[in-house]
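For reference, the structure is listed below as structure tokens.
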Amino acid sequence: MELYDHKKIEPKWQKTWEKSGLYHAKETKKPKKYVLIEFPYPSGEGLHMGHLRPFIAGDVYSRFNRLSGFETLYPIGWDAFGLPAENYAIKNKVHPSISTAKNIANAKRQLMSWGTSFDWSREINTTDPEYYKWTQWLFLQFYKKGLAYEATGLINWCPKDKTGLANEEVVDGCCERCGTPVEKKELRQWYLKITDYAEKLLEGLKTLNWPEPVKIQQENWIGKSEGAEIEFEIEGSNSKIKVFTTRPDTLFGATYMVLAPEHPLVEQITTEQQKGMVEKYVNETKNKSELQRSALEKEKTGVFTGAFAINPATKEKIPVWIADYVLGNYGTGAIMAVPAHDERDMEFAKKYKLPIKTVINEQGKLIDSAQYNDLDWQEAKKKITKDFGTSKVQYKLRDWVFSRQRYWGEPIPLIHCDKCGIVAVPDDQLPVKLPDVKDYEPTGTGESPLAAIDSWVNVKCPNCDGAAKRETNTMPQWAGSSWYWLRYTDPTNDKKFADKKKLKYWTPVDVYFGGMEHTTLHLLYSRFWNLFLYDQKLVTTKEAYARRVPHGIVLASDGEKMSKSRGNVVNPDVIVDQYGADTLRMYELFLGPHDTSVSWNDQGIMGVKRFLDKVWRYNQVFEAGEENKEIHKLIKKISTDIEQFKFNTAIAAFMEFLNENKQLSQANWESFLILLAPFAPHITEELWHQLKHKDSIHEQAWPKFDEKQVVNNTSTIVIQVLGKIRATLEFPLHATQEEVKEKAMQDENVKKYLEGKEIIKEIFVKDRLINFVVK
RNA sequence: GCCUAGGUGGCGGAACUGGCAUACGCAUGGGACUUAAAAUCCCAGGCCCGCAAGGGAUUGAGGGUUCAACUCCCUCCCUAGGCACCA
């Protein structure tokens, strides 16, 4: 008997499928399914086990839907702009487009070798000018609606390398490459006004079929809070300090104020005497990250400015401090501190011996608050807001820094003209192509390497024809991924980013597989783009992704993250070579539940390999037996498990079925193979053809089950005495309490525990158990 | 620090809406086949006591609710993801 030779059979079918265009999606009369995975970044190391998880899950789901009669779109592309390619270019003087093309070819080979059913006819690449033309065009729509604006912002700055650094390149506050302590540098930046969409982003969440934790995390990230803005006068100054507070009802308990060190009033109000200390403190915090500032919870620090404000309620003089636990970019950058009712304020007040005044009692009623005494705090919140301030809704969400001082990104398609100001590049001049450069080295000024290319920078103003300069910032990597699923519906259109009819057929994405780590950034950013485009009537659905299926990361066998430096990376190529793609696919799914992180370990892979060998042998010696009702249970189990993305238990069910059913009818066996086809597409296709079929197994109809065949006709009932199991007995389905009790009483072991006891209570759960409570 | 999730045999994991904890797989032990090995097939145990029948304990730790808790509640410990320039 011939053994299953994956090295021969798998590539054979991969070629056949590619040639026949089996997985190409078309706009048809059939109902559609749009299955999406987060498109990969083509790194030099190739795809790893982490990519396998969502890609195979998406593949199984897509194949299942095709078999179930849906026109199914499962597209793929490359999110290819980004930091590693640029850093590689600096080091090795290789143009990023060359290293990227090489990496894409390798990753594509890997994806093919896994037997994935991507529609390669729709492949896209964010670094392709035909693609980023539309990324630029879409950016201009934001710009034209006033949702893109310029402002200064702080970047990480390495004073030795004279270059800006990404957060990832900063290790323990120092430059990753040279170890120099990183400073902050103020630079001109472009922002997208995502905060304008805070409310819509929140509203939309309610309509989505997403896991609750993902929704909650986005909700908390947006961080809506309702409160009041209150102004405090400064003694001996015309300026006022404006604060935002969610608890205006505690105004009478505000015993001091705190400004963020970067607050614009700091310089103005600091007294001569305190000046030295304040400046020192401001400089120290400048180079702390926000994380450090809020993490150093235990050691809160601050300095007194020497100035006093007037509490508008009590008219008392209260000191104004600065402290880095107040952040400049949240609220107004200043707080009224109420130590009695806020933990952080309390800690700070204790440390610096500031007064603490309780204004709300245990029943939630106001005390020591003049005419508001005895009011419930919620009632008081309304009244005090009205009397001393204005009500205000505040979000934690901040506007999105949309520029990078780097080469390998989409140029921002704007032109600076002395006469006309900022002018958008006209549509017919898009794309603004990235020029070829010889040097990727940083300019030393913090500007993008593009700024050094005079021939590219100097242009005529599209408005007045006068001398003008191009914007030299590029977009962040997020840009290309903020709309890519729309392009898949119409990837070669050169008139529009996508045809509306095609958008209408395919969108929204039905299921989006992706990592938990993308919850608050990519997932929120791309929802924002879609909501905006919907308002511009450019797309046909409000929300981009109807359903989100997060997955856990694949850890190494030591439970740590796979990484080159730890030397624990498992290369999928090796597994494909040794065991075959079908084994790799099934083992990866069998490792554990889709949404939790799993540890890869090579040992268990033999179990799956043995199972597939068993399937192979079963087919070789196949002799038709009798119809078996067990297949109905299996069809139901596999169908519901795939729909719930419980792939590991589906595979267990396949194994159990084959262990227990040594004989099957021809029809039952063929059903089994079709059920298995989404998981192990190669071996099932081969066996299907061995059974003398001419067409592909992946074009068959998903088997149906008969609900009547699924139910058992007996039930195993557990007999408990005082909650402890003393026997398990078989009964016909739906046995009554009397029947169960009667038989249970005859059981020797049960008798032993009932002897001499009085039954004071019986709990009976139909077809499950009976519990005798005795005294 | 803040937001989100998780902790079950030697290992990966299963368990409906509170109702037989440990399905399935790995590893382990025994047996069959074989000159032998591999492959394959069959069986077993899982922590403690017992030859066995059986009994007891057990789902990160401690407490609570319940006839009944992996599941619900409280406190604590540990791990993972995110924290806005990695994507």
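Computed from a predicted structure; not experimentally measured. Chain identifiers are assigned alphabetically (A, B, ...) following the order of the sequence lines, protein sequences preceding nucleic acid strands; residue numbering begins at 1 within each chain.
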Spacing between [X] atom [atom1] and [N] atom [atom2], to the nearest angstrom:
X      : N     : atom1 : atom2 : result
A/D613 : B/C41 : CG    : P     : 9 Å
A/F647 : B/G25 : CZ    : C1'   : 18 Å
A/D595 : B/A80 : CG    : C1'   : 13 Å
A/I763 : B/C67 : CD1   : C1'   : 3 Å
A/L521 : B/G81 : CG    : P     : 15 Å
A/K724 : B/G54 : NZ    : P     : 16 Å
A/N771 : B/U66 : CG    : P     : 15 Å
A/M655 : B/G25 : CE    : C1'   : 6 Å

Under 4.0 Å between a side-chain N or O of [X] and OP1 or OP2 of [N]?
X      : N     : answer
A/N329 : B/A84 : no
A/Y753 : B/G55 : yes
A/K646 : B/A15 : yes
A/R610 : B/C26 : yes
A/N659 : B/G25 : yes
A/N220 : B/U4  : yes
A/R726 : B/G54 : no

* Asked: So, do A/H551 and A/M516 sit near enough that their side-chain heavy atoms are less than 4.5 Å apart?
  ->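 Answer no - side chains too far apart.
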* To do: Kindly indicate whether the side chain of A/K351, heavy atoms from C-beta on, has any atom under 4.5 Å from the side chain of A/T301.
  => yes
May I ask you to say whether [X] pairs ionically with [Y], meaning some side-chain N is under 4.0 Å from a carboxylate O?
X      : Y      : result
A/E630 : A/K633 : yes
A/D613 : A/K609 : yes
A/E38  : A/R548 : yes

Could you tell me whether [X] contacts a base, only the sugar-phosphate backbone, or nothing, with contacts defined as non-hydrogen atoms closer than 4.0 Å?
X      : answer
A/T519 : nothing
A/E517 : base
A/E38  : nothing
A/P40  : nothing
A/I725 : sugar-phosphate
A/T596 : nothing
A/Y41  : nothing
A/L397 : base
A/Q189 : base
A/P476 : nothing
A/Q405 : base
A/V765 : base
A/L591 : sugar-phosphate
A/R406 : base

Separation between the [atom1] atoms of [N] and [M], rounded to whole Å:
N     : M     : atom1 : result
B/C67 : B/U8  : C1'   : 25 Å
B/A14 : B/G64 : C1'   : 28 Å
B/C11 : B/U75 : P     : 30 Å
B/A37 : B/A23 : C1'   : 34 Å
B/C70 : B/U79 : P     : 26 Å
B/C24 : B/G13 : C1'   : 8 Å

Out of [options], which nucleotide sits closest to the side chain of [X]?
X      : options             : result
A/M516 : B/C20, B/G25, B/U4  : B/U4
A/N648 : B/C86, B/A14, B/C11 : B/A14
A/L83  : B/C24, B/C20, B/C86 : B/C86
A/I216 : B/C85, B/U4, B/A14  : B/U4
A/N601 : B/A14, B/C67, B/G12 : B/G12
A/I553 : B/A80, B/A14, B/C85 : B/A80
A/R768 : B/C16, B/G25, B/C86 : B/C16

* Does A/Q720 get its side chain close enough to the base of B/C67, under 3.5 Å, for a donor-acceptor pair? ->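 Between B/C67 and A/Q720, which were checked side chain against base, a qualifying N/O pair under 3.5 Å is absent.
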* To do: Check if the side chain of A/Q603 and the base of B/G25 share a donor-acceptor pair of N or O atoms closer than 3.5 Å.
  => no
Specify whether [X] and [Y] have parallel, tilted or perpendicular ring planes, treating 30° as the upper limit for parallel and 60° as the lower limit for perpendicular.
X      : Y      : result
A/F513 : A/H594 : perpendicular
A/W529 : A/F142 : tilted
A/F679 : A/F647 : perpendicular

* **A/W478-A/F528 aromatic ring centre distance below 6.0 Å** => no
Go ahead and name the base partner of [N]; Watson-Crick or wobble counts if both distances stay under 3.5 Å, otherwise write none.
N     : answer
B/U65 : none
B/G29 : B/C43
B/U79 : B/A5
B/A57 : none
B/G18 : none

* Taking O4'-C1'-N9-C4 for purines and O4'-C1'-N1-C2 for pyrimidines, is B/G7 syn (within 90° of 0) or anti? ->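 Anti, which is what one calls it when the glycosidic angle falls more than 90° from 0.
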* To do: Name the residue closer to the 5' end of RNA chain B, choosing between A/F81 and A/G592 according to the nucleotide with the nearest heavy atom.
  =>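 Nearer the 5' end of the strand: A/G592.
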* Asked: Closest nucleotide of RNA chain B for A/K637 versus for A/I651: which of these residues is on the 5' side?
  ->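 The answer here is A/K637.
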* Option from A/Y525, A/W190, A/Y197 for which ring-ring contact (aromatic ring centres under 6.0 Å, His included) with A/W400 holds ->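 Testing each of A/Y525, A/W190, A/Y197 against A/W400, the sole residue satisfying ring-ring contact (aromatic ring centres under 6.0 Å, His included) is A/Y525.
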